[in-house]
Number of protein chains: 4
Amino acid sequence: MDLEAVYRDLHAHPELSFAEHRTAGIVAGHLRALGLDVTEGVAGTGVVGLLRRGEGPTVMLRADMDALPVEEDTGLPYASRNPGVMHACGHDVHVTCLLGAVRALVADDGWLGTLMAVFQPAEEGAGGAAAMLADGLFERFGTPDVCLGQHVAPLPAGVVAYCPGVAFAASDSIRIVLHGRGGHGSRPETTVDPVLMAASLIMRLQTIVSREVAATESAVVTVGAVHAGTRGNIIPDDAELRLSVRTFDPGVRDRVHAAIGRLARAEAAAAGADREPEVVVDNSFPLTVNEPAATERVAEGFRAVGLTVSAVGPASGSEDFGLFGAAAGVPSVYWLLGGGECDSNHSPRFAPKINPTLDVGVAALANSAKTFFLQITR
Amino acid sequence: MDLEAVYRDLHAHPELSFAEHRTAGIVAGHLRALGLDVTEGVAGTGVVGLLRRGEGPTVMLRADMDALPVEEDTGLPYASRNPGVMHACGHDVHVTCLLGAVRALVADDGWLGTLMAVFQPAEEGAGGAAAMLADGLFERFGTPDVCLGQHVAPLPAGVVAYCPGVAFAASDSIRIVLHGRGGHGSRPETTVDPVLMAASLIMRLQTIVSREVAATESAVVTVGAVHAGTRGNIIPDDAELRLSVRTFDPGVRDRVHAAIGRLARAEAAAAGADREPEVVVDNSFPLTVNEPAATERVAEGFRAVGLTVSAVGPASGSEDFGLFGAAAGVPSVYWLLGGGECDSNHSPRFAPKINPTLDVGVAALANSAKTFFLQITR
Amino acid sequence: MDLEAVYRDLHAHPELSFAEHRTAGIVAGHLRALGLDVTEGVAGTGVVGLLRRGEGPTVMLRADMDALPVEEDTGLPYASRNPGVMHACGHDVHVTCLLGAVRALVADDGWLGTLMAVFQPAEEGAGGAAAMLADGLFERFGTPDVCLGQHVAPLPAGVVAYCPGVAFAASDSIRIVLHGRGGHGSRPETTVDPVLMAASLIMRLQTIVSREVAATESAVVTVGAVHAGTRGNIIPDDAELRLSVRTFDPGVRDRVHAAIGRLARAEAAAAGADREPEVVVDNSFPLTVNEPAATERVAEGFRAVGLTVSAVGPASGSEDFGLFGAAAGVPSVYWLLGGGECDSNHSPRFAPKINPTLDVGVAALANSAKTFFLQITR
Amino acid sequence: MDLEAVYRDLHAHPELSFAEHRTAGIVAGHLRALGLDVTEGVAGTGVVGLLRRGEGPTVMLRADMDALPVEEDTGLPYASRNPGVMHACGHDVHVTCLLGAVRALVADDGWLGTLMAVFQPAEEGAGGAAAMLADGLFERFGTPDVCLGQHVAPLPAGVVAYCPGVAFAASDSIRIVLHGRGGHGSRPETTVDPVLMAASLIMRLQTIVSREVAATESAVVTVGAVHAGTRGNIIPDDAELRLSVRTFDPGVRDRVHAAIGRLARAEAAAAGADREPEVVVDNSFPLTVNEPAATERVAEGFRAVGLTVSAVGPASGSEDFGLFGAAAGVPSVYWLLGGGECDSNHSPRFAPKINPTLDVGVAALANSAKTFFLQITR
């Protein structure tokens with residue numbers, strides 16, 4: 001298995017949430033070739049590989065597999081061949097590194113225990129982790145003693161960065177539908193213009209972070225998408241906004257949610273709309289919290305094998321990785337893998353360096369697992 | 001030919017600009033059955049029917065055939081069966097009435113001349129009239145002495161309303177693409193947010209009419225569509241706005257166009273965008289001007305046959321009908337046909353009364369043509 | 001009396017509404033010198049001069065006297081010597097021309113009747129005309145048979161422009177107080193920021209004219225003043241807006257007023273304010289309507305003496321002059337006097353040419369009066 | 001000296017920056033009565049009192065004296081008698097507590113050294129600390145070994161809260177003047193409306209914090225005041241905004257300042273203004289940094305005398321207190337004094353509890369000084 005070739009192939013063939021059929025097939029093939037006990041179709045496209053090696057702890061290593069609805073603009077030779085879909089968040093790196101880590105652990109006879117390699121679908125706001133748990137992940141494959149994972153980010157290539165305690169923000173995906181009353185573009189006075197409502201609300205939503213969140217608190221309210229109408233000479237009935245909210249504190253989260261609802265309703269009142277807007281929370285991720293003792297243990301392990309390690313503060317990104325440890329009632333540790341300076345994740349130009357990123361990602365996963373397995377020496 | 005059945009069928013099967021294949025086929029069939037010399041495929045889906053009856057003037061009657069990308073919300077038994085497409089501007093009424101008028105003129109032996117029935121594709125901002133002229137309409141079928149047409153509107157049912165001189169506004173369809181720089185929804189500081197740019201520009205565009213156009217002037221600037229992004233947690237690269245501009249004066253039109261460009265460029269500067277926005281005029285309709293003498297002649301004809309006639313002022317709607325008379329260098333007259341009080345044209349709930357609308361529309365077209373033909377009595 | 005010297009002196013010493021003490025004194029002095037029966041202190045600073053000459057009609061000529069709170073920026077040698085006060089609307093021209101017209105009529109023995117020269121205070125939204133009527137203008141000095149007046153405007157110098165029927169818009173002065181909750185500039189989260197409320201409302205108010213008034217209707221909604229706070233590090237409790245609304249139709253006026261209230265209340269709801277905003281109509285002027293027959297008679301008189309006359313459409317300016325004719329139940333005629341191209345009235349740079357403006361203004365007033373007096377020839 | 005009476009009197013007679021004449025007189029009187037060597041008129045209204053007691057360290061205790069342009073709304077019996085001026089930031093508490101601390105230290109014979117009591121004018125953004133240093137504070141009265149001070153805040157009454165390291169934000173007061181072109185309120189098309197420019201810019205300024213500052217960074221951009229125009233029917237030439245910016249990091253500060261300038265210039269471009277806006281930094285405060293060792297020493301001293309002590313994080317407030325320690329090159333320590341839950345500082349309703357606030361504030365100042373003096377026991 002040529003890891004770099006695997007990565008280039010996965011990057012060129014990105015698949016959206018719960019549609020990771022090709023990716024899952026490739027993953028399952030490699031895991032079988034490596035001798036693992038493989039189950040496909042967990043929560044649709046999820047894959048679980050088990051390697052049981054005598055008495056010892058069970059360590060779960062997790063990689064997410066899905067891509068994003070982004071039109072790639074990297075100009076890379078291995079750029080996406082699926083129009084409008086791109087591995088813009090590096091899940092292809094995650095999958096490749098986990099395959100490499102499994103191979104390394106298979107080849108390493110210095111440990112006892114059970115390796116549980118979890119390839120998760122639909123991390124991008126689609127609830128893949130919750131779906132795997134609902135599909136009986138731990139009941140069917142056993143409950144791990146620790147959950148480990150990593151995420152590639154635009155940090156210096158080859159660095160592993162960790163953050164004990166709260167590491168990632170809580171996240172909420174919110175959809176707002178504003179209801180106006182459509183009509184002819186030349187006769188706005190006969191309508192309630194939802195395009196105007198959307199514009200006014202987007203401007204007003206900026207004030208939640210600028211006015212209602214303290215300097216000593218933290219929140220992000222992003223309107224990532226707005227859609228209304230078909231052409232200039234038709235005023236449509238409705239407009240739709242898609243928001244992403246990031247918070248680190250439940251009280252701030254409640255305040256932000258309340259403000260979003262208040263502003264949306266006030267916008268409808270301002271416009272003289274007949275109907276209240278719909279404000280729907282499509283899904284939510286909790287805070288990602290790294291258990292401090294386990295985190296330090298992992299970081300020491302990194303240093304022991306000579307990886308470049310740095311401690312960082314909490315990031316505004318979000319993850320559903322934390323759900324596994326919470327469901328199992330065991331520690332979880334999640335770290336960042338430096339992919340080199342480039343555009344941020346989700347950008348059409350997000351392009352991590354292949355190396356040393358893959359090598360370090362493989363070493364980090366394999367090594368962190370070993371720190372929890374029963375070490376043996378022959 | 002049961003006109004009401006024809007109307008219900010056309011309404012239930014709306015077709016978008018230049019895709020009026022089924023409609024054109026139905027039109028051609030009826031015209032042939034009525035004995036006209038019929039040519040299809042003029043400018044793609046246009047149909048021309050000729051009825052030559054001795055020496056006399058050539059009168060052009062025109063109906064437009066295309067529907068709009070609107071999801072019908074009338075609940076009518078004959079509502080659109082094409083999802084997302086609707087006869088929301090009453091062109092089905094226009095087609096039906098013109099077929100009825102042709103039948104009436106065929107049955108009427110009191111006139112001499114040439115009837116030129118023109119069924120135009122793509123009036124909805126897609127340049128159908130210009131396309132027919134470019135396809136040699138007058139070279140191939142002769143140049144008329146007068147061009148006549150009508151438009152159904154939410155006026156009292158059965159009324160015909162006319163306006164000598166300037167009757168409809170000039171119209172411009174403008175597309176603006178704002179270029180930001182995409183990234184992760186949780187890290188706006190790494191991006192230039194085009195959703196925010198779109199919202200701020202839409203708010204600012206309102207000020208053209210409120211601040212830069214005098215109370216004694218007139219203009220409409222509508223943003224009928226805004227589209228950006230796919231989901232909350234991805235900040236996209238770009239946002240697209242679609243505008244419709246209506247003006248009655250070239251100086252005001254120039255000022256409005258200049259202001260749109262100025263505001264779009266300033267928005268890019270405010271956002272710190274790397275690229276200038278694109279501001280493109282997709283198409284333009286001139287003022288629709290009714291030749292006063294011919295208009296009074298038509299109105300007198302209406303009164304003579306007992307139609308309810310009212311004089312109205314200019315409307316902010318627009319038409320490419322005027323291009324025919326301008327190209328032929330002959331008078332043109334265009335009037336409004338009352339379809340009964342209802343939502344405005346282009347609304348998902350636009351629903352003219354079938355009767356007396358169809359009867360009056362047929363009488364108005366047939367009678368206006370006769371006022372220009374050579375009258376004979378046997 | 002050197003009219004040009006009178007004008008320069010009045011311009012250099014502008015006085016605000018109901019504070020026209022110096023101006024009134026100068027007016028009264030000249031009127032007495034011309035032999036009129038003069039009464040001062042009508043509605044505070046108003047002056048009425050009567051010249052009774054035998055049996056004949058009573059003609060009221062009116063000039064307004066007050067200046068504006070504007071810092072003059074004309075650089076004229078006779079610029080205002082009162083800091084922050086300026087004759088930015090040309091009432092100094094009106095006063096000077098009326099004095100000149102009185103002198104001309106005194107010197108002219110070709111008429112019989114009663115000349116009623118009314119110098120009104122406080123035309124600038126402060127209700128001077130209503131105050132003079134309330135102070136018994138017509139009971140004390142007789143009811144005129146016609147009311148005449150003029151206003152200088154940036155039209156070609158020496159032109160008189162008239163408009164039969166509706167000549168000026170109805171006007172409403174509206175004050176809005178938005179109630180937030182103040183606090184420390186570094187802790188907006190503890191406050192409801194009224195500066196933000198004011199900004200958001202001002203942007204939203206633009207949409208009344210851009211979206212809620214038809215292209216075929218007409219309205220102006222200007223926020224001429226906004227005031228909130230004292231310094232950057234204190235968020236104040238309240239913000240105050242001062243609006244001027246101009247309309248030509250009662251229905252449009254009602255719609256605009258309703259929209260202003262709706263938007264102000266919605267803004268308070270958006271901000272989560274504890275208190276409703278105050279929306280107060282401080283004063284209103286009705287439409288200024290020129291009685292058509294009398295207007296044509298005046299215009300003919302102008303032409304007869306060789307003035308350059310042009311017919312114009314309605315203007316968005318407003319006047320309380322119309323109240324006199326309405327109260328007396330007699331025709332009133334009001335025309336525009338060209339002062340030459342310059343910045344618009346109320347601009348710090350409004351600067352009408354002294355001549356031919358004064359000469360034409362004097363001739364227009366005197367001549368219009370004569371057209372209604374009893375003409376005699378000896 | 002009845003401290004509570006002193007406080008009520010000072011609160012009832014607030015004085016603005018550099019106008020603290022009455023306050024300074026009262027302070028000087030009490031200091032002299034307590035036997036200190038008093039100098040008035042330092043930097044205008046500043047007062048310095050010295051108490052030399054043998055060999056030992058020099059400890060500077062500082063209180064600021066100025067009030068704010070706020071209309072008091074507490075309804076307290078001792079509310080401000082100066083209309084529009086209020087001790088809304090508790091400097092009256094600071095002065096009273098320092099007088100009490102001086103009295104306590106005078107009565108305490110357990111220490112040797114020099115007490116330097118500094119009563120500073122004009123802390124509220126007017127540069128009082130810099131002015132005292134420029135007036136030779138340390139050259140004339142000696143350089144202290146440590147600088148100590150406190151600020152009352154809406155924390156639980158009687159609590160002292162401290163923060164080692166960065167304790168308060170850097171602050172910048174910024175003034176923006178937007179230049180439009182004035183004219184008549186009924187003719188906006190002849191003007192460039194600065195009220196609209198101000199509103200649009202205020203909305204756009206919100207986006208600096210919401211879009212250009214990361215969730216893991218911190219900044220406040222408050223527009224505390226906006227002023228434009230005099231009345232609805234005059235569109236003014238200019239509008240003025242007063243901003244307060246708070247940051248904790250020089251890089252963030254630079255980014256925020258750059259964004260403010262960029263947005264102001266873009267607003268002028270959007271409006272088609274002839275002149276660039278003025279963006280002026282009126283004054284700036286640096287970060288307030290508590291020297292960690294000295295801070296812990298002060299906190300231990302508090303605990304030793306049984307005060308309720310809590311450690312807190314950095315606050316977004318700002319201070320010029322830090323300039324003293326920086327100029328002297330010695331440690332400085334600044335803590336918060338709980339005045340009880342109430343509206344935030346600068347609110348018209350800011351009302352700290354008199355007790356235990358005064359008692360604790362006196363004890364905190366006196367005790368913190370003693371921890372640095374030479375302790376003696378007889």
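Protein chains get the first letters and strands the later ones, always in sequence-line order, with residue 1 at the start of each.
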Would you mind checking which part of [X] comes under 4.5 Å of any heavy atom in chain B, side chain (CB onward), backbone (N, CA, C, O), both or neither?
X: A:Arg246; result: side chain
X: A:Pro348; result: side chain
X: A:Ile234; result: both
X: A:Thr190; result: side chain
X: A:Pro194; result: neither

Calculate, to the nearest 0.5 Å, the distance between atoms CD1 and NE2 belonging to B:Ile208 and B:His257 respectively.
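Spacing of CD1 (B:Ile208) from NE2 (B:His257) equals 9.5 Å.
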
Nearest 0.5 Å, please: how far is CG in A:Asp92 from CD in A:Glu15?
11.5 Å

For chain B, which of [options] has the most heavy-atom pairs under 4.5 Å?
options: A:Cys89, A:Gly224, A:Ala88, A:Gly182; value: A:Gly224
options: A:Arg187, A:Met203, A:Arg231; value: A:Arg231
options: A:Ser244, A:Ser186, A:Pro154; value: A:Ser186
options: A:Ile235, A:Val223, A:Val70; value: A:Val223
options: A:Gly185, A:Ser344, A:Gly229, A:Ala228; value: A:Ala228
options: A:Val221, A:Ile202, A:Asn233; value: A:Asn233

Looking only at atom types and distance, does a side-chain atom of [X] sit under 3.5 Å from a main-chain N or O of [Y], one as donor and one as acceptor?
X: B:His184; Y: A:Asn345; answer: no
X: B:Asp237; Y: B:Gly180; answer: no
X: A:Glu124; Y: A:Leu68; answer: no

Identify which part of B:Arg349 has an atom lying under 4.5 Å from any heavy atom of chain A, answering side chain, backbone, both or neither.
side chain

Could you tell me which portion of B:Pro69 (side chain, backbone, both or neither) has an atom closer than 4.5 angstrom to a non-hydrogen atom of chain A?
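For B:Pro69, heavy atoms of backbone and side chain both lie under 4.5 Å from chain A.
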
Salt bridge or not for A:Arg242 and A:Asp282, using N-O below 4.0 Å?
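Counted as a salt bridge, because a side-chain N and a carboxylate O are separated by less than 4.0 Å.
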
Could you go step by step and tell me if A:Phe285 and A:Phe168 meet the ring-ring contact (aromatic ring centres under 6.0 Å, His included) rule?
CA-CA 10 Å; A:Phe285 287 174; A:Phe168 289 111; over 10 Å; no

Looking only at the side chains, is there a donor atom on one of B:Glu319 and B:Tyr334 sitting less than 3.5 Å from an acceptor on the other?
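There is such a pair (donor and acceptor under 3.5 Å, judged by atom type) between the side chains of B:Glu319 and B:Tyr334.
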
From the list A:Gln120, A:His151, A:His94, side chain to side chain donor-acceptor pair (under 3.5 Å) partner of A:Asp64 resolves to A:His94

